[in-house]
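Quick note on labels: first sequence line is chain A, next is B, and so on, each numbered from 1. Both backbone and side-chain heavy atoms feed into the values below; hydrogens, waters and symmetry mates do not. The model shown is predicted, which means the values in this text are computed figures rather than measured ones.
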There are 2 protein chains.
Amino acid sequence: MGSRQTSTVHGLRRENRARALWDLYLHGPGSRQRIGAGAGVSTGTVSNVVGDLMEQGLVQESGSVPSGGGRPSSIVQIDPGYAFVVGVDVGESSVLVELFDLAMQVRGRHRIPTELTRLAPAEVVEQIVAGVAAVLAQSGVATDDVLGVGVGVPGLVEHSPLAVVHAQTVGWDAVPLEALLHERTALPLAVDNGAKLLGQAEHWFGAARGAADVVVVLLGHGLGTSIFTRGSGAWAPMSSPGEWGHTAVVVDGQPCRCGARGCLEAYVGAGAVAARYDVLRGGPAEGPDDLETRVTELLARADSDPASATVLAELVRYLGAGIGNLVNVYSPSRVVLGGWLGRQVAELRMPELAAAAAQNALRTPFEDVELLRADLGADAVALGAATLPVGRFLSSGGQRDAVLGSRPA
Amino acid sequence: MGSRQTSTVHGLRRENRARALWDLYLHGPGSRQRIGAGAGVSTGTVSNVVGDLMEQGLVQESGSVPSGGGRPSSIVQIDPGYAFVVGVDVGESSVLVELFDLAMQVRGRHRIPTELTRLAPAEVVEQIVAGVAAVLAQSGVATDDVLGVGVGVPGLVEHSPLAVVHAQTVGWDAVPLEALLHERTALPLAVDNGAKLLGQAEHWFGAARGAADVVVVLLGHGLGTSIFTRGSGAWAPMSSPGEWGHTAVVVDGQPCRCGARGCLEAYVGAGAVAARYDVLRGGPAEGPDDLETRVTELLARADSDPASATVLAELVRYLGAGIGNLVNVYSPSRVVLGGWLGRQVAELRMPELAAAAAQNALRTPFEDVELLRADLGADAVALGAATLPVGRFLSSGGQRDAVLGSRPA
DNA sequence: GCACTTAGTTCACGCCTTGAAAGAAGTGGG
DNA sequence: CCCACTTCTTTCAAGGCGTGAACTAAGTGC
């Protein structure tokens, strides 16, 4: 990761290009005045910078709005079709590849059902490569017009500097995924944890949008979080609590699939919920094999089935404690609860969840916090992954070459 | 908080001045070549910038070193006496005020015994003001030569934008400490949590020095942490987990003085340790009134007193779990354990503590982590507080006016 | 149609960094 | 003792950049 090159007078222009682009990206089409105000530069400079960007074709005029008795603002925007990005979601049961334009509209989609635990990493790489080829073919987009491929994976991602994936739960031990992908594609790559990327998507486009300090909690089979704190807005990389699901909330408590005991995931993860229900019912129940379906159905009858109600209440208690912990540590102004299971819990028991969190949080940080359900579905992992090359592109000031980024030496 | 003003060509010079100063500050006296390499600018520019700084008197020549058959490097350094800073530690039992030069050598010290819980905030403000006057008088330093006053306090500090302190444990509820101080002094102020500042001191000068990702744990009466992650080096503000001591490690566990249950502090804080010992002994024991002395003596006889051994073992178990949680979440390369109690535990049971942490951490992040005892004593809170105005000064490129910072409008 | 308002553009000016060339200050061999 | 060589620092012309002011553009309302 090269440090910010703002020492030279040339880097200055790049910085101002980047600011203009981020402004247009995050706040939508706007006038040159707004860009100037947001970036803290004079209107003269904005004219110059925007002129450059229009010449390059990245930015285009898009109408004008009246301005109360004066010359109307002419509105500029990023051309959505200037370039494209690919987002990949390597999930436990499928690999999803999506192609987006710069407005993050889906231009192509390709899903490959798979069982991650039974696949060698090399096979996953092949699926990704095939998926990328498929979405490009579908949409007729040329490889040269793709800025890069973002990939979301389960587990812990170590950047050293190429991404290496450690995902004990699916049997990936130090898989050099980025290096493997580099052998099979020339496109710039960016790999990160799927939960973090879903959080990123919520932060850019969903319920976490616009909040200064926000925590996104993702609850499904596993449990993860993304933290965005002041100052680390669009300009800085996001903060990265990796494996929050495996923090102890009951020292020496329930055994967890990670090998430790008392992890939060061992109380609120889908597997834990299903298992606890079986215990309450005195044995494994009949029902669908698929964990997601089973848990969904189970929770849906919480109003009629006492065991289900108990399971849900316990889930709320522990998840609330976990959220309380996050609030104490980060003092966010907003907490967003996502993931297929998290969204269901939010639907069914939001008030109870807030109360449980309040019980475990200090009054001061908690009284300012908003607890919300996530806007975006689970598919948004691919969207979040796609934000990675977009972010690089914008921060580079819209220079394609600069996006290349993490190539092996 | 003004956002980085690197848009103008003027701010560029400021940025390069700042880089040169940070380099000299963190790496000590050095050649212009080193500065250029570190800051990524040409030697010509370094000459210019350093020339400016020398003219200003901030930087001075300090000898030269041979360079293997060529012109020797001339070494420059920051003049330690160019300006001074004050660090204040508002502790539960005393207010400590220290005056430092730019080399962070103590030039004056003034400690006022106090009982924070019985004092009105206004009285504390008077003590701080008196302490500042005292250290200035002691050392003969003029007020004009003081860059600012950093203040470390217990509890949660909210910057909105002036610092407001919430410390339930000492009865401070939304105390506008910075505003109160502004009424009594013209010096620039910076207020933050004491544990964070101690972590900052360890990061700049102690056992955490030089580590890319590091977590500093502070264990005393209470429990806090400072997190420093990649990218948030000296350039970015530190990450700020406020009240990590009040995260639940046993949902619905021991009641804590914060009102919740099962907080980590309720298991490893000094009060908890003493109370647990009393329970094991079947009632309040004889002994010194002062909690610090009592706990220190108690732990010292862990080899002969079974109750003491049990208490220490439990403390290690819970603290280890907490450290494991931190490792999972932040993947630090180093964990530093400080605070008067933390340092004792590190002394007595480091291997056991590491084992307990390993039990609760995922293998991948844990295998790379170093667990160390803090270098600096508890006095370092004042040192850490003093880094705040220093940091502002350096980041501003050594412009005194820019340090003023957070004045009321 | 004219004064007024607001948005965007142009341009002289000053400041900045660079890269090359020159200068300074040593070492070591002949 | 001198001269070639190395290494570090300074100087300087060239080119780029943002600013602020003047100016142009494009509306509104009386």
Side-chain angles (χ1 to χ4, degrees), chain A residues 3-20 23-24 29-55 59-77 397-399, chain B residues 2-20 23-24 29-56 59-77 397-399:
Chain A
S3 69
R4 197 166 301 165
Q5 271 290 67
T6 324
S7 52
T8 145
V9 70
H10 216 87
L12 217 125
R13 182 52 151 252
R14 182 157 49 239
E15 177 84 17
N16 284 335
R17 285 168 60 105
R19 291 192 192 197
D23 184 276
L24 289 175
S31 69
R32 291 168 174 77
Q33 290 238 325
R34 191 194 71 190
I35 297 171
V41 297
S42 72
T43 61
T45 299
V46 176
S47 263
N48 263 327
V49 169
V50 170
D52 279 5
L53 293 170
M54 290 180 71
E55 200 169 324
V59 159
Q60 62 193 186
E61 208 92 26
S62 78
S64 62
V65 299
S67 62
R71 171 176 177 175
S73 288
S74 99
I75 302 297
V76 294
Q77 66 176 22
Q399 286 161 315
Chain B
S3 68
R4 199 166 301 167
Q5 270 292 66
T6 323
S7 50
T8 145
V9 71
H10 215 88
L12 216 119
R13 182 52 153 256
R14 185 158 48 240
E15 177 85 18
N16 284 337
R17 286 168 60 105
R19 292 193 191 197
D23 183 275
L24 289 175
S31 71
R32 291 167 173 79
Q33 290 237 328
R34 192 194 71 191
I35 297 171
V41 296
S42 73
T43 62
T45 299
V46 176
S47 262
N48 263 328
V49 169
V50 171
D52 280 4
L53 293 171
M54 289 180 72
E55 201 170 324
Q56 182 184 341
V59 159
Q60 62 192 186
E61 208 91 26
S62 78
S64 62
V65 299
S67 62
R71 174 176 175 172
S73 289
S74 99
I75 301 298
V76 294
Q77 66 176 20
Q399 285 161 317

- Message: If you assign each of A:G68 and B:R34 to its closest nucleotide in DNA chain D, which residue comes earlier from the 5' end?
- Response: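 Taking each residue's closest nucleotide, the earlier one in sequence belongs to B:R34.
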- A:V49 or B:T45: which one's nearest nucleotide on DNA chain D is closer to the 5' end?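 The residue closer to the strand's 5' end, by nearest nucleotide, is B:T45.
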- Any chance the side chains of B:R32 and B:T43 put a donor and an acceptor closer than 3.5 Å?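 On atom types as modelled, these side chains do not qualify, holding no pair under 3.5 Å.
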- Message: Hydrogens and angles aside, do B:Q33 and B:S73 bring a side-chain donor and acceptor to less than 3.5 Å of each other?
- Response: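 No, because no side-chain N or O of B:Q33 sits under 3.5 Å from a partner of the opposite role on B:S73.
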- In Å, rounded to the nearest 0.5 Å, how long is the span from CD1 of A:I75 to CZ of A:R34?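 That separation rounds to 7.5 Å.
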- Message: Can you see if the side chain of B:R13 gets near the phosphate of C:dT17 - specifically, an N or O under 4.0 Å from OP1 or OP2?
- Response: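 Yes, B:R13 has a side-chain N/O under 4.0 Å of OP1/OP2 on C:dT17.
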- Taking OP1 and OP2 of C:dT6, is either one under 4.0 Å from a side-chain nitrogen or oxygen of A:S67?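 No, A:S67 has no side-chain N/O under 4.0 Å of OP1/OP2 on C:dT6.
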Rounded off to whole Å, could you give me the [atom1]-to-[atom2] distance for the [X] and [N] pair?
X     : N      : atom1 : atom2 : result
B:E15 : C:dT17 : CD    : P     : 10 Å
B:R14 : C:dT17 : CZ    : P     : 12 Å
A:R32 : C:dT6  : CZ    : P     : 19 Å
B:I75 : C:dA25 : CD1   : P     : 16 Å
B:N16 : C:dC16 : CG    : C1'   : 9 Å

Nucleotide nearest [X] when distance is taken to its side chain, options [options]:
X     : options                : result
B:T8  : C:dC15, D:dG18, C:dT18 : D:dG18
A:Q33 : D:dC8, C:dA7, D:dC17   : C:dA7
B:R71 : D:dC8, D:dT11, C:dG19  : D:dC8
A:S47 : D:dG18, C:dG8, D:dT9   : C:dG8
B:H10 : C:dT18, C:dG8, C:dC15  : C:dC15
A:L12 : C:dA7, D:dC17, C:dT17  : D:dC17

- 5' precedence on DNA chain C between B:P72 and A:G69 (nearest-nucleotide basis):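 Nearest nucleotide further toward 5': that of A:G69.
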- Most 5' of A:T43 and B:G44 on DNA chain C, judged by nearest nucleotide: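 Here A:T43 is the residue nearer the 5' end.
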